[in-house]
Amino acid sequence: MRNRWGTIVAAVMLFTSVAAPAYAVTNRDIQQKKQEIKSVQQKQSSLESKLEQSQQEIERLKVEQEKVNAEIKKLDLAVEETSANIRAKQQSIEETKQQIVALKKEIEEVAARIEQRNELLKERARSLQESGGVVSYLDVLLGAKSFSDFIDRMSAVATIFEADRQIIKEQEADKALKEAKEQQLNDQLVSLQKQLTELQQLKQTLNKQIAEKEKLMAQLKEEQKHEEEKQLALEEEKELLEKQEAAMKNQLQQMIRRQKEQEEARKRSLSSRGSSESDGGSLPPVTDGAFMRPANGPITSTFGPRWGEFHYGIDIGKRGASVPVVAAADGYVYRSYYSSSYGNVIFIMHYIDGQVYTTVYAHLESRLVGEGQNVSKGQMIGYMGNTGRSFGAHLHFELHRGPWNASKSNAVDPLKYVPF
């Protein structure tokens, strides 16, 4: 992208350096150039504002990214803690499962004891049923042979009753123990599973929040990238405008210098008026308007058909030994040479109110300005003569609305533009 802008800058610098006006500089040209510079400066000011806004937006996006980064870090820590808790709960569940295995063995032992007592009680019940129940105990007591034997038999019966009651008591205690252990293990396992499920759901929620934050972070980074590209384009445009401004200021200085040179040349031309008058001719007065008359003297031939041909200019007759010829307007001498038809001739290009004009001064006795020279309105450029295809000393003066061409298709009647 910078290469592309570099090419544009180079092109602008080339244009502004070589496209400086070749015509004479006027105050209007200078004011127009100053206005162009002011316009470029206003654009630069606008760009500065846009660059500042862009930088503020980039800073805001960076702050947002820092906030999101902090939130992601906080969520990451929460996920880390939750994952550790999940691992701990899973470990607890595994330990509880091992305890369940051990308790199951205990429960199985208790169940075995219960089963044994059940068998014993069943056996006792069958014995009572076969022996007639309580009657058998009476038979035992009544079958005593002595009081001492009766006492012994009474004690034995009481012992049997107590043993049966203890068996029943132990049986009920083991059943209760079995149920309590089973309920305890089941409650622990359910609680752990519930906590594990909650932790897993929390982890999923945290991961979802992290994904959303990362998505937001990616969006913020993309916005920052876009804003930085925009800022780069603005900076390159600003650089272009700075170079434009520098080139225009350089051009303005050249125009001011050229105008100063023109004014000095005008003064020199005026100072030579006395010597010109002593030679029999005077400089025509500088008049208002775009053009002034190029020499003093009567119009001897006008613009239009003449002698079977078309006369593309006017002729001004020579009335004096040395009649000076001046530039009809500020301009740039792009041809000054001897022509077989025009004789000593000067072509001056003018730029007036956005329009290009060309003036031609032919049949001169001598030329005082050379090609590439800037001249000002009223500046002396030569002397009226009779060189080339001329029949008598005079100035042949042409005015073209646009560049001169061989067919003279741009020629216009000077009397409509010049106050004679």
Practice problem: Report yes if the side chains of Glu239 and Glu235 come closer than 4.5 Å at any heavy-atom pair, otherwise no. | Solution: no
Practice problem: Taking all heavy atoms of Ile346 and all of Ile381, pick out the closest pair and write down the distance. | Solution: CD1-O, 3.5 Å
Quiz item: Any side-chain heavy atom of Glu245 within less than 4.5 Å of one from Ile37?
Solution: yes
Self-check item: Under-4.0 Å salt bridge between Lys67 and Glu71
Solution: no
Exercise. Would you check, one step at a time, whether the test side chain to side chain contact (heavy atoms under 4.5 Å, CB included) holds for Val333 with Arg367?
Key: CA-CA 11 Å; Val333 179; Arg367 293 173 281 112; over 6 Å; no
Quiz item: Okay, side chain of Asp315, backbone of Thr300: is any donor-acceptor separation there less than 3.5 Å?
Solution: no
Quiz item: Considering residues at least two apart in sequence or located in another chain, which fulfil the salt bridge (Lys or Arg N to Asp or Glu O under 4.0 Å) criterion with Lys43?
Solution: none
Exercise. For residues Lys194 and Glu198, determine if any side-chain heavy atom of one lies less than 4.5 Å from a side-chain heavy atom of the other.
Key: yes
Practice problem: Of all the heavy-atom pairs spanning Phe347 and Tyr342, show the shortest one and how long it is. | Solution: CZ-CE1, 3.9 Å
Quiz item: Which heavy atom of Ser339 sits nearest a heavy atom of Val345, and at what distance?
Solution: CB-CG1, 4.1 Å
Self-check item: Salt bridge present between Lys238 and Glu242 (N-O < 4.0 angstrom)
Solution: yes
Quiz prompt | Side chains of Met292 and Pro284 in contact at under 4.5 Å (non-hydrogen atoms) | solution = yes
Quiz prompt | Distance-only side-chain donor-acceptor flag, Glu309 / His311, under 3.5 Å | solution = no
Exercise. Decide side chain to side chain contact (heavy atoms under 4.5 Å, CB included) for Arg335 and Glu371; before the verdict, give the C-alpha distance in whole Å, the side-chain angles of both, and the deciding distance to 0.1 Å.
Key: CA-CA 5 Å; Arg335 289 302 303 269; Glu371 294 179 1; 3.2 Å; yes
Quiz item: Distance only, no hydrogens: is a donor on one side chain within 3.5 Å (strictly under) of an acceptor on the other, for Ser46 and Gln42?
Solution: no
Quiz item: Quick check: does any side chain N or O of Ser191 sit under 3.5 Å from a backbone N or O of Asp187, one acting as donor and the other as acceptor?
Solution: no
Exercise. Just jot down the side chain to side chain donor-acceptor pair (under 3.5 Å) partners of Ser54, sequence neighbours excluded, or say none.
Key: Glu227
Exercise. Would you please say whether a donor-acceptor pair under 3.5 Å links the side chains of Glu228 and Gln224?
Key: yes
Self-check item: Residue pair Gly313 / Glu398: nearest heavy atoms and the distance that separates them
Solution: CA-CG, 4.0 Å
Quiz item: Less than 4.0 Å between a side-chain N and a carboxylate O, is that true for Lys225 and Glu222?
Solution: no
Quiz item: Can you name the one residue among Val323, Leu368, Asn344 that meets side-chain contact (heavy atoms from CB on, under 4.5 Å) with Tyr383?
Solution: Leu368
Practice problem: Please assess Glu59 against Gln55 for the test side-chain hydrogen bond (donor to acceptor under 3.5 Å, both in side chains), listing each intermediate value before the final yes or no. | Solution: CA-CA 6 Å; Glu59 294 301 325; Gln55 185 60 39; 2.9 Å; yes
Quiz item: Are Ile72 and Glu214 close enough, and set up right, to give a side chain to side chain contact (heavy atoms under 4.5 Å, CB included), and what steps lead you there?
Solution: CA-CA 8 Å; Ile72 290 176; Glu214 289 176 345; 4.0 Å; yes
Quiz item: In terms of side-chain geometry, is the basic nitrogen of Glu212 or Lys215 positioned less than 4.0 Å from the acidic oxygen of its partner?
Solution: no
Exercise. Please name the pair of heavy atoms, one in Val418 and one in Phe397, separated by the smallest distance, quoted to 0.1 Å.
Key: CG2-CE2, 4.3 Å
Exercise. For residues Phe291 and Ala329, report the shortest heavy-atom separation together with the two atoms involved.
Key: CD2-CB, 3.7 Å
Practice problem: Could you tell me whether the side chain of Leu196 reaches within less than 4.5 Å of the side chain of Gln200, counting heavy atoms only? | Solution: yes
Scan the side chains in residues 352-361 for donor-acceptor partners under 3.5 Å anywhere in the protein, sequence neighbours excluded, and list what turns up.
unit_1: Asp353; atom_1: OD1; unit_2: Arg28; atom_2: NH1; d: 2.3
unit_1: Tyr357; atom_1: OH; unit_2: Arg401; atom_2: NH1; d: 2.8
unit_1: Thr358; atom_1: OG1; unit_2: Gly402; atom_2: O; d: 2.9
unit_1: Thr359; atom_1: OG1; unit_2: His350; atom_2: NE2; d: 2.8
unit_1: Thr359; atom_1: OG1; unit_2: Tyr361; atom_2: OH; d: 2.9
unit_1: Tyr361; atom_1: OH; unit_2: Ala328; atom_2: N; d: 2.9

Practice problem: Give, for atom CD of Gln379 and atom CG of Leu283, the distance between the pair rounded to the nearest 0.5 Å. | Solution: 10.5 Å
Exercise. Walk me through it: do Ile299 and Leu415 pass the test side chain to side chain contact (heavy atoms under 4.5 Å, CB included)?
Key: CA-CA 10 Å; Ile299 305 246; Leu415 296 179; 3.8 Å; yes
Quiz prompt | Exceeds 12 heavy-atom contacts within 6.0 angstrom, atom CZ of Arg389 | solution = no
Quiz item: Does one side chain, of Asn69 or Gln65, offer a donor that lies under 3.5 Å from an acceptor on the other?
Solution: no
Exercise. Find out whether Arg319 and Asn296 are in side-chain contact, i.e. whether some heavy atom of one side chain is under 4.5 Å from a heavy atom of the other.
Key: no
Quiz item: Sub-3.5 Å donor-acceptor pair from the side chain of Ser45 to the main-chain atoms of Gln41, do we have one?
Solution: no
Practice problem: Classify the ring geometry between Tyr312 and Phe303 as parallel (under 30°), tilted (30 to 60°) or perpendicular (over 60°). | Solution: perpendicular
Quiz item: Stepwise, does the side-chain hydrogen bond (donor to acceptor under 3.5 Å, both in side chains) test hold for Gln201 with Thr205?
Solution: CA-CA 6 Å; Gln201 290 175 346; Thr205 300; over 6 Å; no
Self-check item: Contact check, side chains of Leu395 and Leu364, non-hydrogen atoms, under 4.5 Å
Solution: yes
Practice problem: Mark yes or no for whether Lys213, through its side chain, and Ala70, through its backbone, hold a donor-acceptor pair below 3.5 Å. | Solution: no
